[in-house]
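For reference, the structure is listed below as structure tokens.
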Amino acid sequence: MIAVTRLNGSRFAVNPDLVERVQENPDTTLVMVGGATYVVRESLPEIIALIADFRALVIAAAQSLTVGEVPQLSVLRGENDPRSATAPASSPSPTAATSPTPPTPLRPTEH
């Protein structure tokens, strides 16, 4: 979240992922994805810097995590999962639940 200031001086926080655009005309207006608009005291360059700083903070926090700090996630298909209907019926092995395969790293695609 980024903190911004209304024209009356009250502060509030906005999810920068939901900001569709920022315009100055002459007041700075945040236009959100859902259509809401907020007129704020901060200038256009200040809003851009706040959003960039927020995203840098998120990336820095993600890079500082180690594997032991977050649980490994995996998809386990149960008996009631319709996607597992084509798989042969078998009982899951005890090692499958305790040692999931590591996720494949994402690679950027070229356009």
Can you find a heavy atom in the side chain of [X] that is under 4.5 Å from one in the side chain of [Y]?
{"X": "Ile2", "Y": "Ile51", "answer": "yes"}
{"X": "Asn25", "Y": "Thr29", "answer": "no"}
{"X": "Leu7", "Y": "Arg41", "answer": "yes"}
{"X": "Leu30", "Y": "Gln23", "answer": "no"}
{"X": "Thr37", "Y": "Val31", "answer": "yes"}

ILVMFWY network linking [X] to [Y], side-chain heavy atoms under 4.5 angstrom:
{"X": "Phe54", "Y": "Ile48", "answer": "yes"}
{"X": "Met1", "Y": "Val40", "answer": "no"}
{"X": "Ile47", "Y": "Phe12", "answer": "yes"}

| query | Taking only residues two or more places apart in sequence or in another chain, which ones pass salt bridge (charged side-chain N to carboxylate O under 4.0 Å, His left out) with Asp17? | reply |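 Asp17 satisfies salt bridge (charged side-chain N to carboxylate O under 4.0 Å, His left out) with Arg55 once adjacent residues are dropped.
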| request: Of all the heavy-atom pairs spanning Met32 and Val14, show the shortest one and how long it is. | output: CE-CG1, 3.2 Å
| remark: Smallest heavy-atom separation, Glu24 atom then Pro45 atom, equals OE2-CD, 4.4 Å
| request: Scan Asp27, Val4, Asn8 and name whichever one has a side chain to side chain contact (heavy atoms under 4.5 Å, CB included) with Val39. | output: Asp27
| said: Using a 3.5 Å distance criterion without hydrogens, assess whether the side chain of Glu42 forms a donor-acceptor pair with backbone atoms of Thr5. | reply: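 Checked: pair present.
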